[in-house]
Amino acid sequence: MKYPHKVIEKKWQKKWEDEKAFVTKEVKGKKKFYCLDMFPYPSGEGLHMGHAFTFSLGDIFARFKRLQGFNVLYPIGYDSLGLPAENAAIKVGTHPLKYTENSIANFIKQQKAMGWSYDWARMLKTSDSEFYKWDQWIFLQMLKKGLAYRKKAPVNWCKKCKTVLANEQVVNGKCWRHENTRIEIKHLEQWYFRITDYADELLSGLDKLDWPERSKKLQRNWIGKSYGTEILFEVNNEKWPIFTTRPDTIYGVTFMVVSAQHSKLFNLVTEKQKSMVEKFLEKIKSVSEKEIQGLEKEGVFTGAYAINPLTKEQIPIYVGNFVLADYGSGMVMAVPAHDQRDYDFAKKYKLKIKEVVFGGNISRSAYIGEGRLINSGKFDGLQNQKAKEKITEYLKKQKLGRKVVQFKLRDWLISRQRYWGTPIPIVYCAKCGIVALTEKDLPIKLPEKVKFGKGNPLETAKMWVNVKCPKCRCKARRETDTMDTFVNSSWYYLRYTDPKNEKVLFDPRKVGYWCPVDQYIGGPEHVTGHLIYFRFYTKFLRDLGILKFDEPALRYFTQGIVHGKDGDKMSKSKGNVVEPFDMIKKYGADTLRLALVSFANPDKDTNWDEKIVESSYNFLNNVYEYFTKLKLGKTDAKIESKLHQTIQQVTQDVEQFKHNLAIIKIRQLFQNFYDKRIDKETAQEFLKMLSIYCPFITEELWSNFGNTGFISLSDWPKANVKKINIRFEKEDLAKDKIVNDILNIIKIVEARKEKKSKVYIYVIPNEKNLYDESEISIRIQKPVKVFAVSDKNKYDPTNKSKNTKPNRPSIYLE
RNA sequence: GCGGAGUUGCUGGAGUGGUCAAACAGGAUGGACUCAAAAUCCAUUAGCUUAGUGCUUACACAGGUUCGAAUCCUGUACUCCGCACCA
């Protein structure tokens, strides 16, 4: 029998909506719970399986907490600014606004079909000027505090597009849209956020978070704190601070390497070397570090020399493709004897190799181990670890260096030469220079009429670009760069608490009630991007005095990826894509939700398997049939024990997102119901547990009991430990054992070609009720008689019953 | 290179010192029901052996700790993921 999922799901979707079942308000004295899924980018393709999975996890948890009596905030929104909308505009000619609106409408329809219990009244779109207005407001605050600043940065530039390209738009060093056009590297002034000011706090704050250990490690790694020494080298009478973790090898420096992307590179290059350097730079394809990786280390001489502050030697400076421009000062001191990279470089260009730490064989390779210093002037003989301190101390005294802390984390470049992002509230005036707009000018809305396809579309909105300077009323131009879309997701969680506030970012009382987020759910790919920015913004807003906490999300769960049947990522080109909406049509949303969390532990990657969907569907069909035909009766003690045991275990499993295990236990409980009567309470407790996974079918069955409210708003069952009795499990074991034994004997006997058709079991009198004749008989498919050994009228021709012992009944077959 | 996760039976996947030849699901095989099929139910699904027993081999591989290991430790192999020339 198939249950009518289409009718049921439509019915309850409408009821929830009509009665605003999941709309939330602050309630004084009621404990809150903020459950948040990372909001999606609304693509034109609609929901994919990854969405279906992660949002189901969020919904299950929100429903669980709601039933547990928390006042649950479970909102949804759309991260609707971003590149794909703009690319669609370029490709198909739709305006990003229209593309976005269509996509969102489609998303909403599908999300409602999945039964996700969002508070739709709080829905947000980042493309809404009432939302991005506050991006601009935060930008202005950053500017005031000196955390937003401009700096030259290398960018990928396509001559034909006349625009900057994102790293992912660079393919093999060429433009994604012009296969024959090589990318050039240009240095443009860009806006940055000084996230590095918070590096230390971002690092230490991790300790108190209940996040998966691996995501914390990833962040620590990304922030990358390291201790070292900054040494001042002199180049053309200018001091260049050079960062090193090996000050002990300062006497072994034989050349320097400056980054090919360094903004001051051409200050160093001599006239004679200029053409060589330029030729070299052309070889470097793009700023993308991905493109740089794997390249052989190469470089050319710049013609300049640096002076080693201790030895006063003249050291040649090379430009190299392997030095990062924005780590340290963009130039490194090379010690080929004790660093493998430097060693390779020195060998390649036949540069001097000077050994300063004793212990290796530098004719073969660099020696990076420990040892005593040699060739190091007055530091000779020192153990190199000791020398690190001594040399640093000495440099400090001479004002030639100091101890420093370095982070891998870099300042956040937020400028994008794109249309579909938040406009930066800045104008450039010929007289006044950079002028920040004021709060009452906000929002600076995106102009609708722009041309796509050539350069930054915003440049084509002349009316919008050309403005008067707010200070001197002279001609001025707006900033045409927009902000990275990660700014939107950095604070959206706060806006959900007060989404329609026109006066302030949010009402502090509302944020005070709901925040921080108690449970955040999203993909592991966001750990080093979004989740760092998200924490940074929170700390910044706290320093601004508008937040009282400093971590946005206390608990975080990363879900695995649902791959295709073949184990590969679902992708159109591989043809292994399964659309959630198709599954809903075929099996219903309840089935899909159940299947998604049955595959495996939700934090692991899994492969799609339609069999699991079918099995989930079968289960729900059975549940539906059982409950629609159910005649209520008394729940026996055994089922009651099982019920309470299940409640206890399922509650624990759900709390830890072990839904696969919880579902197994729910299904096992249901097995116990078969062919039995249960009372209304037992039935309802079962349905409540199932309701977090399968809300539609359980609402329907719940209402069949005459309930008028929603099961979604009822209460989570409580385990009564007193009713759990392990005796029942022992009984089951006893039954399994006797069935096994009988079957084993039959097997042996039949091998001898003997036929047996009746089974007699002899048990000690007080065990008689453990062995149910009809149940055993069904399982072994033969008629069964159970006798107590004390029974005088028992049938026992060979006197088997004399062997009977406790827990070991005797068996006779004939 | 650095960091992380993992390797369980035909398959997916539970299980983190004894109660484990190992949950649950799927598949396969046999049986019940049926004119037949589907659904449902029952059983089997490492091997040998046996009137319900006993034994062997098993949780990537090799060692170790322990009275006792899938589970703890060490090493090896493989897979996956993240960062990646961070000086």
Restricting to nitrogen or oxygen on both sides, can you table the protein-nucleotides 29-34 of chain B pairs closer than 3.5 Å?
{"residue": "B:G31", "atom": "N2", "partner": "A:Gln781", "partner atom": "NE2", "Å": "3.4"}
{"residue": "B:A32", "atom": "O4'", "partner": "A:Gln781", "partner atom": "OE1", "Å": "3.3"}

Q. Mapping A:Met333 and A:Asn618 onto RNA chain B by nearest heavy atom, which one lands closer to the 5' end?
A. A:Asn618
**Q.** Residue whose nearest RNA chain B nucleotide is more 5′ - A:Leu409 or A:Ile780
**A.**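 With A:Ile780 and A:Leu409 compared, the 5'-side residue is A:Ile780.
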Looking only at side-chain N and O atoms, does [X] come under 4.0 Å of OP1 or OP2 in [N]?
X        : N     : result
A:Lys604 : B:A14 : yes
A:Tyr327 : B:A87 : yes
A:Arg779 : B:A43 : yes

Q) Is A:Asn601 touching bases, backbone alone, or none of the nucleic acid, heavy atoms closer than 4.0 Å? A) sugar-phosphate
Q) Does the ring of A:Phe619 carry A:Arg667 above it, NZ/CZ under 6.0 angstrom from centre and within 45° of its axis? A) yes
**Q.** Separation of the P atoms in B:A22 and B:U45, to the nearest angstrom
**A.**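 It works out to 9 Å between them.
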Q | Rounded distance (Å) that lies between atom C1' of B:C85 and atom OH of A:Tyr318 | A |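 Taking OH of A:Tyr318 and C1' of B:C85, I get 19 Å after rounding.
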Q. Rounded to whole angstroms, how far apart are CG on A:Asn660 and P on B:A25?
A. 14 Å
(Q) Checking side-chain polar atoms at under 3.5 Å, does A:Thr804 have a donor or acceptor matched by the opposite partner on A:Ser810? (A)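 The criterion, which ignores hydrogens and geometry beyond distance, is satisfied for A:Ser810 and A:Thr804.
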Q: Can you tell me which residue pairs pass the side-chain hydrogen bond (donor to acceptor under 3.5 Å, both in side chains) test with a partner in residues 593-604 of chain A, sequence neighbours excluded?
A: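 Sorted pair list: A:Asp59-A:Arg593.
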Q.
So, using side chain to side chain donor-acceptor pair (under 3.5 Å) as the criterion, who are the partners of A:Thr392 when residues are at least two apart?
A.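 By the side chain to side chain donor-acceptor pair (under 3.5 Å) rule, A:Thr392 matches A:Thr229.
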Q) Do A:Arg220 side-chain and B:C83 base share a donor-acceptor contact under 3.5 Å? A) no
Q.
Quick check on the 6.0 Å ring-centre criterion: do A:Trp211 and A:Phe557 meet it?
A.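 They do not qualify: ring centres at least 6.0 Å apart.
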